[in-house]
Number of protein chains: 2
Amino acid sequence: MDMNKTDIIDPKSKRRRLPPDERRQQIVDGAVAFFAEVGLEGKTRHLAKRLGITQSLLFNYFESKESLIEAVYAQVYIDRLSPDWSQRLVDRSVPLRDRMLAFYTDYSKLIFEYEWMRIFMFSGLAGAELNRRYLDHMNKMILQPLLGEVHALSANSKTADMEDLWNLHGGIVYIGIRQHIYRMPCPDDPSLAIEHAVDRFLQAFAVEQD
Amino acid sequence: MDMNKTDIIDPKSKRRRLPPDERRQQIVDGAVAFFAEVGLEGKTRHLAKRLGITQSLLFNYFESKESLIEAVYAQVYIDRLSPDWSQRLVDRSVPLRDRMLAFYTDYSKLIFEYEWMRIFMFSGLAGAELNRRYLDHMNKMILQPLLGEVHALSANSKTADMEDLWNLHGGIVYIGIRQHIYRMPCPDDPSLAIEHAVDRFLQAFAVEQD
DNA sequence: CTATTTGTTGATCATATGATCAATAAGGAT
DNA sequence: ATCCTTATTGATCATATGATCAACAAATAG
């Protein structure tokens, strides 16, 4: 087996000099994992040690700790909301139950990630505007259209309001909270619990036409 | 109007020398509000300034910041779970719906407090055992008995499991999370939303006998 | 009024923190 | 092999942090 010199990574040697883009990405990745674990008040020296670099190097790629955290937000939250979710939710050629299950299957895969859930909670507690922007977006792009779809199938006198939808949503989100914030034992696969929650909701408010 | 010298409280003067018990309680109260707002990594000097005392005085009443936080936990969480909740939940002389509404009305009044909710989340993220102990207790004393009651009224083939109960529970708790963690607009009175959530749950799983 | 007790302060310590910058050395070009 | 660019480091700064303790002063007793 022939190995190129550059293939050999000696952990003891100071393996330095990465291409800037690569190093920057390595830092962001490490920062996501680090801040998710210890919180946004985690110290730059600890992050640097975990990355195997010096603390001062961090400030070569980010002008402040705050801007590093911005990069973390960007990595974890920006452009991870599928733009076609709102469209697929209102596609009445598909049964509403299927649409809702498809959405929450996708969405829960995203938000039940350790990093997503914990950084979202840390930043929420810190009062970052990120969270309210994100949830406003959710409200406008997901829950509002969804409410319209539920109303379109309402048979009984009982009619769902936004608070009922937040209740459905919160019950599902809470699975991730139990798992990643409180570290409680949770079902390996949450899809069954999600399915039941959606069915209970639809049983109360909507009746499929066919 | 004759005023005793001791009745006059001059805010500018260093009004010192409180009875130890009183001072200690003042510090704990201030610490609860302070840590709920800024998190458990809030600095002792800031807390002291807010209380109008010196930072060193804190360490006269608590041997470390950690022990002060323990006192905060004690103040907010210990002995605030009514011991008769589990009993009243299994009192079958009362309709299950009424029992559940009574419980969640009481319980939500507790956990929807700003301090309760935020400190619980901060400590959960910090990995404090407080949270898991608390939720284990909730599971054993509330949700498990409640599951038994639901089963006793199960008519259909569908039978609730613990995950369904956590879903109900989480959907309700999430109201407080939206309000105090994400600072979103929420209904002034959550009792209606709670009522609907409980009714949806019971509609799916339990039929009252009478 | 004086003395005693003790709740409270201000100065201080050792360490930790975000940030800066000149000096260094890795890796490609010549 | 030698030079040159620049990614990386190590020393350093100013400030902040939890914690300690001798000195101070407010309330009470004699």
Side-chain angles (χ1 to χ4, degrees), chain A residues 3-31 34-35 37-73 122 126 128, chain B residues 3-31 34-35 37-72 122 126:
Chain A
M3 294 178 103
N4 200 314
K5 238 193 299 185
T6 56
D7 289 332
I8 301 176
I9 293 174
D10 180 356
K12 272 178 256 177
S13 88
K14 322 166 188 171
R15 50 195 138 105
R16 310 192 294 189
R17 227 149 220 260
L18 263 62
D21 289 351
E22 205 171 317
R23 178 68 82 189
R24 186 189 167 90
Q25 190 56 50
Q26 178 209 25
I27 291 176
V28 173
D29 290 341
F34 177 71
F35 287 128
E37 187 177 325
V38 308
L40 301 175
E41 308 203 23
K43 309 306 177 185
T44 56
R45 277 173 177 82
H46 298 152
L47 168 58
K49 176 162 276 183
R50 180 180 293 206
L51 285 166
I53 62 178
T54 51
Q55 181 241 5
S56 51
L57 188 58
L58 296 176
F59 291 89
N60 218 303
Y61 290 88
F62 302 91
E63 67 174 351
S64 67
K65 184 186 170 184
E66 199 185 329
S67 77
L68 171 57
I69 290 178
E70 285 300 321
V72 166
Y73 287 159
F122 276 122
Chain B
M3 296 180 99
N4 200 313
K5 241 191 297 186
T6 56
D7 288 334
I8 302 175
I9 292 173
D10 181 357
K12 275 177 254 177
S13 87
K14 322 166 192 171
R15 51 193 138 104
R16 310 190 295 191
R17 225 150 223 270
L18 263 61
D21 287 352
E22 205 170 317
R23 177 69 81 189
R24 188 190 165 90
Q25 190 56 50
Q26 178 207 26
I27 291 176
V28 173
D29 289 342
F34 177 71
F35 288 129
E37 186 176 327
V38 306
L40 301 174
E41 308 202 23
K43 310 308 179 184
T44 55
R45 277 174 177 78
H46 298 152
L47 169 58
K49 175 163 277 183
R50 179 180 294 209
L51 285 166
I53 62 178
T54 51
Q55 181 239 7
S56 49
L57 188 57
L58 296 176
F59 292 90
N60 217 301
Y61 290 88
F62 302 91
E63 69 174 350
S64 68
K65 184 187 171 184
E66 197 186 329
S67 77
L68 171 57
I69 291 178
E70 286 299 321
V72 166
F122 277 123

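We use all heavy atoms of the structure for the numbers below, so side chains are in, but hydrogens, waters and symmetry mates are not. A, B, ... follow the sequence lines: proteins, then strands. Residue 1 opens every chain.
- The interatomic distance linking B:Q26 (CD) with C:dT8 (P) rounds to 9 Å, in whole Å.
- Side chain to side chain, A:Q25 and A:D29 meet the donor-acceptor criterion of an N or O pair below 3.5 Å.
- In the set D:dT20, D:dT8, C:dG18, C:dG18 carries the atom at the smallest distance from any side-chain atom of A:K65.
- You won't find any donor-acceptor pair under 3.5 Å spanning the side chain of A:S64 and the base of C:dG18, going by distance alone.
- Of the two residues near DNA chain D, B:E41 and A:P20, the one whose nearest nucleotide lies more 5' is A:P20.
- Computed from coordinates, the A:K49 NZ to D:dG10 C1' distance equals 14 Å when rounded to whole Å.
- Using a 4.5 Å cut-off on side-chain heavy atoms (C-beta onward), B:V28 and B:F62 make contact.
- Atom CG of A:L57 is separated from atom P of C:dT24 by 18 Å (rounded to the nearest Å).
- Of the candidate nucleotides C:dG18, C:dT8, D:dG18, D:dG18 has the atom nearest to the side chain of B:K43.
- Whole-Å rounding puts the B:F59 CZ to C:dG7 C1' distance at 17 Å.
- Regarding contacts with the backbone of D:dA7, every side-chain N or O of A:Y61 stays at 4.0 angstrom or more from both OP1 and OP2.
- In this structure, B:N60 and B:R23 have side chains that are not in contact, with every pair of non-hydrogen atoms separated by 4.5 Å or more.
- Atoms CG (A:L47) and C1' (C:dG18) sit 13 Å apart, rounded to a whole Å.
- For A:T44, a side-chain nitrogen or oxygen approaches OP1 or OP2 of C:dG18 to under 4.0 Å.
- The CG-P distance, from A:L51 to D:dT8, rounds to 12 Å in whole Å.
- Side chain A:R45 to base C:dG18: a donor-acceptor pair is found below 3.5 Å.
- Residues B:L40 and B:V72 are not in side-chain contact: their nearest non-hydrogen atoms beyond the backbone lie 4.5 Å or more apart.
- Between the P atom of C:dG18 and the CD1 atom of A:I27 lies a distance of 15 Å, rounded to the nearest Å.
- Residue-to-nucleotide contacts include a donor-acceptor pair under 3.5 Å from the side chain of A:Q55 to the base of C:dA19.
- Among the nucleotides C:dC21, D:dT20, C:dT8, the one closest to the side chain of B:S56 is D:dT20.
- Contact between the side-chain N/O atoms of B:R23 and the OP1/OP2 oxygens of C:dG7 is not found at any separation under 4.0 Å.
- The distance from atom CD of B:E63 to atom P of D:dA19 is 9 Å, rounded to the nearest whole Å.
- Applying the side chain to side chain donor-acceptor pair (under 3.5 Å) rule to pairs touching residues 37-48 of chain B yields B:E37-B:R50, B:T44-B:Q55, sequence neighbours excluded.
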